[in-house]
2 protein chains.
Amino acid sequence: MSKIGEAKILRVDLTAGETKEETLAPEMVKKYLGGRGLASKLLADEIDPGIDPLSPENRLIFANGLLTGTNASTGGRYMVVTKGPLTGTIASSNSGGYFGAELRFAGYDMIVFQGKSEKPVYLQLMDGKAELKDASHIWGKKVDETTDILVEESGDERAKVSCIGPAGENQVMFASIMNDKNRAAGRTGVGAVMGSKNLKALVVRGDKSNFDYDKEALMKVVKKQTQIIKDDGVTGEGLPTYGTKVLDNIINETGGYPTRNFQEATFEGTEEVSGEALVEKGYLQKKKACYACPIACGRDTKLPSGRSGEGPEYETGWSFGAACGVNDLNAITEANYMCNELGLDTISAGATIAAAMELYEKGHIDREKLENGPELKFGSSEAIVYYTKAMAYREGIGDDLALGSARLGEKYGMPEVSMAVKKQELPAYDPRALQGMALNYATSNRGGCHVRGYLVSPEVLGVPEKLDPQDLESKPEWAKIFQDLTALIDSIGLCLFTSFALGAEDYQELVNAVTDYDLTTEEFMEIGDRIYTLERQFNLEAGLTKEDDTLPKRLLEEGIPDGPMKGKVAHLDKMLPKYYELRGWDNNGVPTADTLNKLGLDEL
Amino acid sequence: MSKIGEAKILRVDLTAGETKEETLAPEMVKKYLGGRGLASKLLADEIDPGIDPLSPENRLIFANGLLTGTNASTGGRYMVVTKGPLTGTIASSNSGGYFGAELRFAGYDMIVFQGKSEKPVYLQLMDGKAELKDASHIWGKKVDETTDILVEESGDERAKVSCIGPAGENQVMFASIMNDKNRAAGRTGVGAVMGSKNLKALVVRGDKSNFDYDKEALMKVVKKQTQIIKDDGVTGEGLPTYGTKVLDNIINETGGYPTRNFQEATFEGTEEVSGEALVEKGYLQKKKACYACPIACGRDTKLPSGRSGEGPEYETGWSFGAACGVNDLNAITEANYMCNELGLDTISAGATIAAAMELYEKGHIDREKLENGPELKFGSSEAIVYYTKAMAYREGIGDDLALGSARLGEKYGMPEVSMAVKKQELPAYDPRALQGMALNYATSNRGGCHVRGYLVSPEVLGVPEKLDPQDLESKPEWAKIFQDLTALIDSIGLCLFTSFALGAEDYQELVNAVTDYDLTTEEFMEIGDRIYTLERQFNLEAGLTKEDDTLPKRLLEEGIPDGPMKGKVAHLDKMLPKYYELRGWDNNGVPTADTLNKLGLDEL
């Protein structure tokens, strides 16, 4: 029986091949709620932040949010928390679909993997029984095949699978963990950690009636909130109708749509590959929802050839599209499908190819190095597909691409080619155009990322209010609030997209409905602050410093060359000091003793 | 035992489910040699030219050339002869690979199918034994799958397969018959006839030692000719190195590269999809040769995704490329692979989509008619792939596309949209730019076609000598010679490409080496004339008239709008009378009694 507020953990020692059950202290749950927060606390308690992320000493934690598996709208998300190989920071990567809820029904809030199995294994968790099984027959298989085989072998077609593809097995630095075939815990290379442990997959199946909480109290709140979500322009209309790719034309028109590895900021081919084109060109089949989601932003698509899959989403359409100068929707979608099947983060995969294209065009990579592969030219639809496969299997130059753009740039003598923060590739918003995003990128605890504080919302969409994207004064405070609120949403197991319609009070109300915490909004937001600062502490102990709170030189020094934001650069120096101050960090970005004490982090 | 000069026939009555052996009179073989000539004679003798091509009354003849299976360079070709459903003319479609030679080793020069099987069957011809077998398990399967299954079932991995795909089963008017997976008897809809007879495939396997002729005498001639072929610029270097796509840039630069359904004559995207791009973009894997071929113009290719196949050749690269305004090599190659797998003629498939695009852009096809498919816009890489599949399976508007451009144009109220002669789509040379090709297209006995007299050779490549492409005076004679010589090459079973290096005397020498015919060049060329005139007679009896010796109105009346040939139209009226006269046909294009008598066709 799983109860909200009493975190039940399955600990799996892969070295010993043993599993055991544990329960976390309720006070710890109250301080971190679940998911990203609670698992980060556990990770910080259990490992030395200085370890090699791909060593057996690392932990790989699958963690449900406090509300995962409840009827809360979008309450189906789980997080994977570990030390990330791409960034060397704490890594938490978040995914939707149905796996998280099923894990909750199977009786667990978290599964903690430690050590390393001698041979490939997978964890089967069914009918309350946890078993490590031989995975030699599925090692090397793609995500879709692996999923089909394991569901078949489980004997229960309702079983849910989370697994790695060949990219994770080959420890590609930005390998993802995929669940329900096409949902990704995509970023920071969590799949490589899973591969390093010889862990291929998790198969879970549970009984919903095992999961106990005050359903009536929750439903009262959920009903009200679902209506708010449905009435909202973004969550009720934009996302359901067009998916995330509704943003393509919007962001391109703001002049902050990074093109050809951030060498430009508007892409002439956007219309050809936009969300609208996805419909006109016959790719879109139907929209698709995750567990308990009233939004359904997912896109079931089909290539003209008849091959089908999910995506592209906004970020993927950009990373293989504008970032690589490619205006070919078929190639972008094919590359997306391949990332899903091979288990690659689509942002880092596309952005690393973009960096490689700049390296090639500027003479740092020779034609010979590419062997028989297509030329790495901006605009080459052949290149994005071919090198996506090559990096997953680490074939030819794919072996270098698998390191990510930062290490690739270093290896080929042009480190500044990498458009990354803390070695993780930036997503589809040029921070020179959106100063709030500049600050967020620089201070994101998992490296370059848009979902650690999505200031695009106020800076472009005007939600909850319109901010001038070039204003610097207001951004530190907004950044802190968005970062803390995001940490909360990731810890209660809801989808970040709900925050277009809901605010802190709404989430707080949900938590109070199923617990006896009776949190005020202030107390609730402080939990977010605590999680964010805990992650910061981990990273500092891992060896990062304020020097890492920065952006690629190009974005700080070279003005945008084209479009409405022509001439703009990112002004981090004007925002960081105030941000540190608001966070209660000193001039070096280190949390003060007072701050740690206030947040209850001095007991670490 | 198979002997050159004694045509051994396997007659297969599909209605009765019976097979029997026959032998043709040696005098008849001497008059028509084999392949296209001999099978056309047989067809003309056995069927009423007025029949419905898709009725059981039609014959479907697989015929080897006189030299097929010998060591003559490129001597591996077989022909399929029937009354064609697309054109209503006599149809002979020619293919390379290994199937023809294997059929010869299996002991037969021809297989004549008649009637119609009640259920799907295939013919297995192994160890001298002919058997009709149930094909219900492979009906609906693609060409590559069908081939693999039948080779497996035959128990001999050396068995060769010729078969139809879903397009032939569904009687698409331009369905092909495919052998060795990727070699096509592509044009005129021979695959639809095969489908109409419920015949899915032929599987053959024979013993080379069964095939008797004076090998020593032949080898002396072959040795000399092979050297000529290897020393020739086109067959020794151009075709081996670049394949047929070496022509892309050449023809585009002449200003005769039909673009967007012949609305223009130069294509701005040629460089992106040329033979050179096939290498640069990493598609080309290796070159591939047919039986006994020293040229090896075939291209084993691979898409960036890893999917592999053969092609595109020049014509296919054009039909899905420039003709549809598409500059996307991946989509073109994918469409090519699909045609091979589904069994579609690539020229008619691409050109019919091009016609549909013009119909759509000019408002004759509504958006609704396309259902969820991509818009039929020139330049749409999605459309060429999607509608290729749709026409093979006759899904949605694909059911209309499956009729070919002529019937499609009629159905949608704009017959002039069809760039066809005798309802068969024209290939990749604008006849306004090449007047010799204009005359050839108009007088080709199987409808719009470039391999019934390839005057591109003198008009562009200067082989055997350079002709002014706009000169009208010289073309009737050149046309007749090329048409007759091509009929001969198709009847002795060699590849037309040898004619870049070899002349009539060379082919005559090969024939004389393995027979006691002792033909003079004049006698040899007269056989070509006889075959061509026999075909003409068949077509006239089928109801065609001189009104069918024409070109689409656009090519006769509208000047080329762009490029080096700007303003040119095709001048058929200035060439046809002289051509008829040279052929010994009257003003109505009907062979005179004298001509028939001279050619020995009055005994028909």
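Naming convention: chains lettered A, B, ... in sequence-line order (proteins, then strands); numbering from 1 in each chain. All values below were derived from every heavy atom in this structure, side-chain atoms included, with hydrogens, water molecules and symmetry-related copies excluded.
- Ranked by heavy-atom pairs under 4.5 Å with chain B, the list A/L329, A/L303, A/V385 is led by A/V385.
- Taken from CG in B/D328 to CG in A/N327, the straight-line distance is 9.0 Å, to the nearest 0.5 Å.
- Atom OH of A/Y242 has 12 or fewer heavy atoms from other residues, nucleotides or ligands within 6.0 Å.
- Heavy atoms of other residues, nucleotides or ligands lying less than 6.0 angstrom from CD of B/E271 number 12 at most.
- No other option in B/P304, B/P374, B/G306 has as many heavy-atom pairs under 4.5 Å with chain A as B/P304.
- With a 6.0 Å radius and a threshold of 12 heavy atoms from other residues, nucleotides or ligands, B/E276 has its CD atom above the threshold.
- Only the side chain of B/K389 comes within contact range of chain A, with at least one heavy atom under 4.5 Å from a heavy atom of that chain.
- Of the atoms belonging to B/E280, heavy atoms from both backbone and side chain fall under 4.5 Å from chain A.
- For the atom pair A/K302 NZ and B/N372 CG, the distance stands at 9.0 Å (nearest 0.5 Å).
- Both the backbone and the side chain of B/N330 come within contact range of chain A, with heavy atoms under 4.5 Å apart.
- Of the two parts of B/S380, neither the backbone nor the side chain holds a non-hydrogen atom closer than 4.5 Å to a non-hydrogen atom of chain A.
- Residue A/E237 places its CD atom among 12 or fewer non-hydrogen atoms of other residues, nucleotides or ligands, all under 6.0 Å distant.
- Only the side chain of A/E334 has a heavy atom closer than 4.5 Å to any heavy atom of chain B.
- Between B/E382 and A/Y283, the closest side-chain pair of non-hydrogen atoms falls below 4.5 Å.
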